[in-house]
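None of the values given here were measured: they were computed from a predicted structure.
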Amino acid sequence: MHKPKPHIALLASLFAAFVGLATCVAPAAAQDKEYTPHVGQEGKDVIWVPTPQALVEKMLDMAKVTPQDVVIDLGSGDGRTVITAAKRGARAFGVEFNPDMVELSRRNATKEGVTAKATFIQGDLFEADLSKANVITMFLLPSINMKLRPKILDLRPGTRIVANSFNMEDWEADQTETVSDNCTSWCTALLWIVPAKVEGTWSSPQGDLKLTQQFQVVTGSLGSQAISQGKLKGDEISFKVGNAAYTGKVEGTTIRGTGPNGSWTATRK
């Protein structure tokens, strides 16, 4: 997995130098079966340092990875996140630009007995098809996170995104956790849940529901009353009108749920 060096200023300067190699070509496939990566080695988008295993476990815990999940790790490095997800029964895929690292990851997966669940693809993370994933893991610079953000926000509502250390600017994380045991640096994990797109006007028996959306936060009005505590968790929406609570599930152009008087439905205009 790609990971920056411990000091942000140093990382930024190194990263700028690497980006300057705009015509960088992937290295030839490894011939030496004993290939060993070294901490700080350059990559296409960032330098590489492995994520502590304790944080890998925390990231997958926060994403609530199960055998029913498809996990994609962007910048999969030596494969440890993919392998750990595969051990939990998930179908896990790693996208890694360096073919030497891809071969190393495949050997590691073989050693751990998870080749049936762990797949490694040599390629550019910006070109990866993320549509089959319901969990995406990454450890990338904030600038790269922001470049990926539009693509991530177009994924299915409820897709879990979990990253080591770096944020996505004004899209605030739904959950942040820090590991203290067996982790001495880069020990914070951030989780986002892709929200449904609800901005606009919806018709309901209580009057028009007018929503403005800022990622997982919604504001607006129902009829003539302002809503409060508006929140999206994937395709689940909740808000209050005065003391009355509304909850619902976004199903395309319809929201179905419950309100103060029982079942409640709103339809997009």
Does some side-chain heavy atom of [Y] sit less than 4.5 Å from a side-chain heavy atom of [X]?
| X | Y | answer |
| --- | --- | --- |
| Ile227 | Leu211 | yes |
| Asp78 | Asn108 | yes |
| Phe239 | Ser228 | no |
| Thr84 | Val65 | no |
| Val102 | Ile121 | no |
| Thr159 | Val135 | no |
| Leu148 | Leu140 | yes |
| Trp264 | Gln206 | yes |

Quiz question: by atom type and distance under 3.5 Å, do the side chains of Asp208 and Thr201 form a donor-acceptor pair?
no
Strictly by modelled atom types, are Gln53 and Asn182 linked by a side-chain donor-acceptor pair under 3.5 Å?
no
Any donor-acceptor N/O pair, [X] side chain to [Y] backbone, under 3.5 Å:
| X | Y | result |
| --- | --- | --- |
| Arg156 | Ala133 | yes |
| Glu96 | Gly77 | yes |
| Ser105 | Gly79 | yes |
| Glu169 | Asn145 | no |
| Arg149 | Met168 | yes |
| Gln213 | Val218 | no |
| Trp171 | Asn167 | no |

Mind checking whether [X] and [Y] sit in one hydrophobic cluster, side chains of I, L, V, M, F, W, Y counted as touching below 4.5 Å?
| X | Y | result |
| --- | --- | --- |
| Leu74 | Phe126 | yes |
| Val241 | Leu232 | yes |
| Val95 | Phe120 | no |
| Val114 | Leu104 | no |
| Val56 | Ile83 | no |

Stepwise side-chain contact (heavy atoms from CB on, under 4.5 Å) test for Phe215 and Asp170
CA-CA 9 Å; Phe215 306 110; Asp170 56 338; 3.8 Å; yes
Over all atoms of both residues, closest heavy-atom pair of [X] and [Y]:
| X | Y | result |
| --- | --- | --- |
| Glu172 | Gln216 | O-NE2, 2.9 Å |
| Gly207 | Leu222 | O-CD1, 3.6 Å |
| Ala245 | Lys240 | CA-CG, 4.1 Å |
| Ala244 | Pro260 | CB-CG, 3.7 Å |
| Ala189 | Met59 | CB-CG, 3.7 Å |
| Thr247 | Ser238 | CG2-CB, 4.1 Å |

Atom [atom1] of [X] with >12 non-hydrogen neighbours under 6.0 angstrom:
| X | atom1 | value |
| --- | --- | --- |
| Asn243 | CG | no |
| Arg256 | CZ | no |
| Lys151 | NZ | yes |

Rounded to the nearest 0.5 Å, how far apart are [atom1] of [X] and [atom2] of [Y]?
| X | Y | atom1 | atom2 | result |
| --- | --- | --- | --- | --- |
| Arg80 | Thr51 | CZ | OG1 | 7.0 Å |
| Leu60 | Thr66 | CG | OG1 | 11.5 Å |
| Lys231 | Asp174 | NZ | CG | 5.5 Å |
| Leu55 | Thr188 | CG | OG1 | 7.5 Å |
| Glu199 | Gln214 | CD | CD | 9.0 Å |
| Asn164 | Lys58 | CG | NZ | 13.0 Å |

Could you check Arg160, Lys64, Arg88 and say which one makes a salt bridge (Lys or Arg N to Asp or Glu O under 4.0 Å) with Asp69?
Arg160
Go through it in stages, so that I can follow the logic: the residues are Val82 and Val71, the test is side-chain contact (heavy atoms from CB on, under 4.5 Å), and I'd like the CA-CA distance, side-chain angles, deciding distance and then a yes or no.
CA-CA 8 Å; Val82 172; Val71 178; over 6 Å; no
Run Leu155 and Leu130 through side-chain contact (heavy atoms from CB on, under 4.5 Å) and show every step you take.
CA-CA 8 Å; Leu155 296 174; Leu130 307 181; 3.9 Å; yes
Does the side-chain contact (heavy atoms from CB on, under 4.5 Å) test come out yes or no for Trp202 and Ile255, once each step is laid out?
CA-CA 9 Å; Trp202 304 70; Ile255 301 173; 3.6 Å; yes
Does Trp192 have its ring centroid less than 6.0 Å away from the ring centroid of Phe166?
no
Is Glu103 salt-bridged to Arg106, going by a charged N under 4.0 Å from an acidic O?
yes
